[in-house]
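Not measured: the values here are computed from a predicted model.
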Amino acid sequence: MNQKLFYSLVLGFTGILFFIPFLGGVRLFDWDEINFAECAREMIATGDYLHVHIDFKPFYEKPPLFFWLQSMMMNLFGINEFSARLPNAICGIITLIYLYHIGQKLHGHRFGLLWALAYLGSVTPHLYFRSGIIDPFFNLFIFVGLVNVIFASWKRERLGGAMTVPKSEWTYILLGGFVLGLGILTKGPVAYLIICLVLGTYWALNRFRWFITPLQFLAFSAAASVGSLLWYGLDIYLHGPTLVREFLAYSIRLLSTPDAGHAGFPGYHFIILLVGCFPASIFGIRAFGPLFIERNYQREFRRWMLILFWVVLILFSIVQSKIVHYSSLCYFPLTYLAALTLLQLEERKIQFNNWLRAGLIIVGGFLS
């Protein structure tokens, strides 16, 4: 058995051990957990898997993919808390293995393990895989879509070599678009908006030099649109434009007003990430400063992760509704940066200084 397969199995077993036992031992307590589980239950009760309902009335705020996963688990294991949360436990297992593979490709086996374990061992990233909310799958789909665009750009610019990006540019483009489309079908077009903001920011910082061709971007967008357009198109055909109109109104309301009482100050998500993503957040902050990174493609990936982090953080700091999981996509770049710091500390390229020590003691003490 080769090393990559062995550690993938180890991480898969670790995810099973940490995410699945006692998953149904606590009642559904979050407003979103309760609503989403009820949407899945009503799909089963009505036999209508095309539309989302709450209290047997149309629910226009979310597309159906996550509820399909929940209802699948409910059909297998019964209508209960365990089934409502099991999709995210499975998502957690997939995420750990995926981060290990990407990390191993970028910096080697040791880094891949550090990245996966940084994600597993931080507070809110860990807890979200034991919850029944949409965001773990939504975030994973966006991140995988972005990584494939990055790999397509490296293939085009001959960056990273055949070992890092073995597939063709178009394979990465179409695969990334398809996975992003699953994100759109999970929580809506904001998945595409986030990707476009990240790509646009990178393009601007790169002095408007194309890292993928305009045709490739159109193909990526088309691949991302196929699944969601089929679902939205079928609903419009059957019931008119009500779904689209109500969803757009809901999205504008979230952006412009503190919806459902979810108000907060502008620095809300900074605090949430610092405390919620502990201890990865403390080590991740260090990686915003200078590091000793040898290869060009490694420096480029760090640059992409910094852009992703700031785009998500600034976007949801502007949005008036403040909810903890809105900034949860930052967990990917933040744990990546934490893994970079941990690797460089281990290799003695940087020092474990007083700032790191103070951050761990202060935030850890607050949590304690």
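The distance from atom CG of Leu159 to atom CD of Glu157, rounded to the nearest 0.5 Å, is 6.5 Å. To the nearest 0.5 Å, atom CZ of residue Phe137 and atom CD1 of residue Ile94 are 5.5 Å apart. Atom CG of Leu86 sits about 9.0 Å away from atom CG of Leu76, to the nearest 0.5 Å. The structure places CZ of Phe129 at 5.0 Å from SG of Cys91, a figure rounded to the nearest 0.5 Å. The distance from the CG atom of Leu343 to the CD1 atom of Ile293 is 10.0 Å, given to the nearest 0.5 Å. Atom CG of residue Asp135 and atom CD1 of residue Ile323 lie 9.0 Å apart, to the nearest 0.5 angstrom.
Counting heavy atoms from C-beta outward, Leu340 and His107 have side chains that approach closer than 4.5 Å. Taking 4.5 Å as the limit, some side-chain heavy atom of Phe283 sits within range of a side-chain heavy atom of Phe352. The shortest distance between side-chain heavy atoms of Leu274 and Ile285 falls below 4.5 Å. Looking only at side-chain heavy atoms (C-beta outward), Leu185 and Trp68 come within less than 4.5 Å of each other. Phe178 has its side chain within reach of Leu182: a pair of non-hydrogen atoms, C-beta onward, lies under 4.5 Å apart. Residues Leu180 and Val149 are not in side-chain contact: their nearest non-hydrogen atoms beyond the backbone lie 4.5 Å or more apart. Side-chain contact check for Leu113 versus Gln104: every heavy-atom pair is 4.5 Å or farther apart. Counting only heavy atoms from C-beta outward, the side chains of Asn35 and Asp30 never approach each other to under 4.5 Å.
Using a 4.0 Å cut-off between a side-chain N of Lys or Arg and a carboxylate O of Asp or Glu, Glu300 and Arg295 do not qualify as a salt bridge. Taking the charged nitrogens against the carboxylate oxygens, Glu294 and Arg299 have no contact shorter than 4.0 Å, which rules out a salt bridge.
Put simply, the side chain of Gln344 gets close to the backbone of Phe292: a donor and an acceptor are under 3.5 Å apart. For Arg41 (side chain) and Met74 (main-chain N/O), no donor-acceptor pair under 3.5 Å exists by modelled atom type. A distance-only check finds a donor-acceptor pair linking the side chain of Ser168 to the backbone of Thr171 [under 3.5 Å]. Remark: side-chain polar atoms of Gln216 are paired, donor with acceptor, to backbone N or O of Thr213 under 3.5 angstrom. At least one donor-acceptor pair closer than 3.5 Å links the side chain of Arg130 to the backbone N or O of Phe19.
At most 12 non-hydrogen atoms from other residues, nucleotides or ligands lie less than 6.0 angstrom from CH2 of Trp355. Crowding of Phe56 atom CZ: a count of heavy atoms from other residues, nucleotides or ligands under 6.0 Å exceeding 12. Remark: Arg110 CZ is loosely packed, at most 12 non-hydrogen atoms of other residues, nucleotides or ligands lying under 6.0 Å away. The environment of Glu347 atom CD is dense: over 12 non-hydrogen atoms of other residues, nucleotides or ligands sit within 6.0 angstrom. Counting heavy atoms of neighbouring residues, nucleotides and ligands inside a 6.0 Å radius, atom NZ of Lys349 exceeds 12 of them. Within 6.0 Å of CZ in Phe82 there are more than 12 heavy atoms belonging to other residues, nucleotides or ligands.
Tested against Phe316, the residues Tyr326, Tyr268, Trp310 include a single ring-ring contact (aromatic ring centres under 6.0 Å, His included) partner, Tyr326. Residue Val165 forms a side-chain contact (heavy atoms from CB on, under 4.5 Å) with just one option from Lys155, Arg158, Arg156, and that option is Lys155.
A continuous path of hydrophobic side-chain contacts links Phe270 to Val363 [ILVMFWY only; heavy atoms under 4.5 Å]. Taking hydrophobic clusters as Ile, Leu, Val, Met, Phe, Trp and Tyr residues chained together by side-chain heavy-atom distances below 4.5 Å, Ile361 does not share a cluster with Leu345. Hydrophobic clustering, with ILVMFWY side chains joined whenever heavy atoms are under 4.5 angstrom apart, keeps Leu174 apart from Ile184. Clustering ILVMFWY residues whenever any of their side-chain heavy atoms sit less than 4.5 angstrom apart, transitively, puts Ile282 in a cluster other than the one holding Ile362. Connection of Ile195 to Val226 is not established within any shared hydrophobic cluster, with ILVMFWY side chains joined at heavy-atom distances below 4.5 Å, either directly or through further cluster members.
Between Phe301 and Trp115, the ring-plane angle classifies as perpendicular under the 30° and 60° cut-offs. The aromatic rings of Phe143 and Phe332 lie parallel to each other, their planes meeting at an angle below 30°, with 60° marking the opposite boundary. Using the six-membered ring where Trp is involved, Tyr7 and His109 have ring planes that are tilted, between 30° and 60° apart. Under the 30°/60° scheme for interplanar angles, the aromatic rings of His51 and His53 are found to stand perpendicular.
Taking the six-membered ring for Trp and the full ring otherwise, Trp304 and Phe211 have centroids separated by under 6.0 Å. Less than 6.0 angstrom separates the ring centroid of Phe309 from the ring centroid of Phe288.
With 3.5 Å as the limit, one finds a donor-acceptor pair spanning the side chains of His325 and Asp32. Side-chain polar atoms of Tyr128 and Ser328 form no donor-acceptor pair below 3.5 angstrom. Side-chain atoms of Ser221 and Tyr192 include a donor-acceptor pair closer than 3.5 Å.
For Val123 against Gly276, the heavy-atom pair with the smallest separation is CB-O, 3.2 Å. Considering all non-hydrogen atoms of both residues, Gln298 and Leu106 come closest at NE2-O, 2.8 Å. The shortest non-hydrogen separation linking Phe36 to Gln70 is O-OE1, 3.0 Å. In this structure, Ala84 and Leu28 approach most closely via the heavy-atom pair CB-CD2, 4.3 Å. Shortest non-hydrogen contact noted between Glu81 and Val26 is CG-O, 3.7 Å. Taking both residues in full, the closest heavy atoms of Ala118 and Ala280 are given as O-CB, 4.2 Å, listed atom of the first, atom of the second, then distance.
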With side-chain hydrogen bond (donor to acceptor under 3.5 Å, both in side chains) as the criterion, how do Ser8 and Tyr100 come out once you've worked through the C-alpha distance, each side chain's angles and the decisive distance to 0.1 Å? CA-CA 7 Å; Ser8 297; Tyr100 168 70; 5.9 Å; no

Would Thr164 and Trp154 satisfy side-chain hydrogen bond (donor to acceptor under 3.5 Å, both in side chains), going step by step from the backbone distance to the final call? CA-CA 9 Å; Thr164 307; Trp154 290 0; over 6 Å; no

Going through the distances and angles, do Val147 and Phe151 end up as a side chain to side chain contact (heavy atoms under 4.5 Å, CB included)? CA-CA 6 Å; Val147 167; Phe151 285 174; 3.7 Å; yes

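In this structure, Lys187 satisfies the cation-pi test against Phe138, with its NZ or CZ atom closer than 6.0 Å to the six-membered ring centre and inside 45 degrees of the ring normal.
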